[in-house]
Every structure is written in C-alpha cells, then in structure tokens.
Amino acid sequence: KTISKRVIREVIELKNQGYTMRQISSRVKYTDKNNNQKNISLAAVHKILREKDTSENSNRDISKIQQIVNKEGGKENDR
C-alpha cells in the first residue's frame with residue numbers, strides 16, 4: 001500500500017502552518033479499499049516529515065519523498 005502525493009502534500013503543508021504531528025494525523029484523511037475515510041497514522045506522518053527534513057531530501061519533490069516513504073512500507077493508501 002502506498003501513501004499518495006496528495007496525503008504527502010497535505011502533511012507537509014500542515015507542518016509548514018505550524019501544526020503538531022498529532023494534529024496533522026487527525027486532520028489528514030485517506031480512503032481505504034472499502035471507501036471508508038480514515039485518518040493517516042502518526043507513524044506515517046513521522047515518516048513523511050523525517051524524509052522531508054533530512055538535509056539531502058530538503059529540496060526533493062513530492063514524488064521522490066513518496067518513493068522513499070513507500071519503499072519503507074507505508075500503510076496508508078489513497079485511491
């Protein structure tokens with residue numbers, strides 16, 4: 001399962017606005033395979049922000065961050 005670019009973009013945008021990881025986790029939603037709305041996990045928020053904040057990744061675009069996070073086994077899926 002993958003974390004979509006939309007979810008990554010939302011997480012980064014909310015972090016730039018000053019929200020905490022828990023607040024981001026409760027605000028960002030994705031749709032599971034049964035079309036149920038679910039909140040992104042705190043672990044997924046952490047993975048996204050960790051990859052964005054690493055010095056060599058700071059200028060990478062969303063798709064590069066998505067590849068790295070999904071390679072580590074992200075659990076969220078956005079259809």
Side-chain angles (χ1 to χ4, degrees):
K1 297 181 180 180
T2 62
I3 299 176
S4 73
K5 290 179 184 179
R6 180 194 59 82
V7 169
I8 293 172
R9 198 175 305 114
E10 278 186 58
V11 168
I12 293 171
E13 190 175 300
L14 289 172
K15 185 62 179 174
N16 289 339
Q17 293 174 12
Y19 288 95
T20 65
M21 288 192 341
R22 287 180 192 259
Q23 290 170 330
I24 293 169
S25 163
S26 66
R27 290 176 184 257
V28 177
K29 301 205 182 297
Y30 72 98
T31 306
D32 70 3
K33 65 181 179 180
N34 296 319
N35 289 329
N36 297 319
Q37 289 283 322
K38 296 199 171 206
N39 290 333
I40 187 172
S41 70
L42 192 56
V45 173
H46 180 264
K47 282 182 184 179
I48 292 167
L49 295 177
R50 183 187 64 209
E51 287 306 322
K52 182 204 169 289
D53 289 339
T54 0
S55 58
E56 63 270 7
N57 294 341
S58 60
N59 294 324
R60 287 194 177 170
D61 63 353
I62 303 275
S63 59
K64 294 288 185 189
I65 294 172
Q66 182 185 29
Q67 288 174 354
I68 294 167
V69 170
N70 290 335
K71 190 181 295 184
E72 293 179 0
K75 295 180 181 175
E76 275 63 24
N77 185 11
D78 186 47
R79 297 170 135 220

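Residues: numbered from 1 along the sequence shown.
Smallest separation of non-hydrogen atoms from R6 and Y30: NH2-CA, 3.9 Å. Across I40 and I48, no two heavy atoms sit closer than the pair CD1-CD1, 4.1 Å. Taking every heavy atom of both residues into account, N39 and K29 meet most closely at OD1-NZ, 2.6 Å. Here the shortest heavy-atom pairing between S41 and S25 reads C-OG, 4.1 Å.
Salt-bridge check for K47 with E51: failed, with every basic side-chain N at 4.0 Å or more from each acidic carboxylate O.
For the atom pair CD (Q23) and CD (Q17), the distance works out to 11.0 Å, reported to the nearest 0.5 Å. Distance CE/M21 to CG/L42: 4.5 Å, rounded to 0.5 Å.
Residues K15 and I24 meet the side-chain proximity criterion, which asks for heavy atoms closer than 4.5 Å.
The side-chain contact (heavy atoms from CB on, under 4.5 Å) test with V7 is passed by exactly one of V45, I12, V28: V28.
Using modelled atom types, no side-chain atom of T31 and backbone atom of Q37 make a donor-acceptor pair closer than 3.5 Å.
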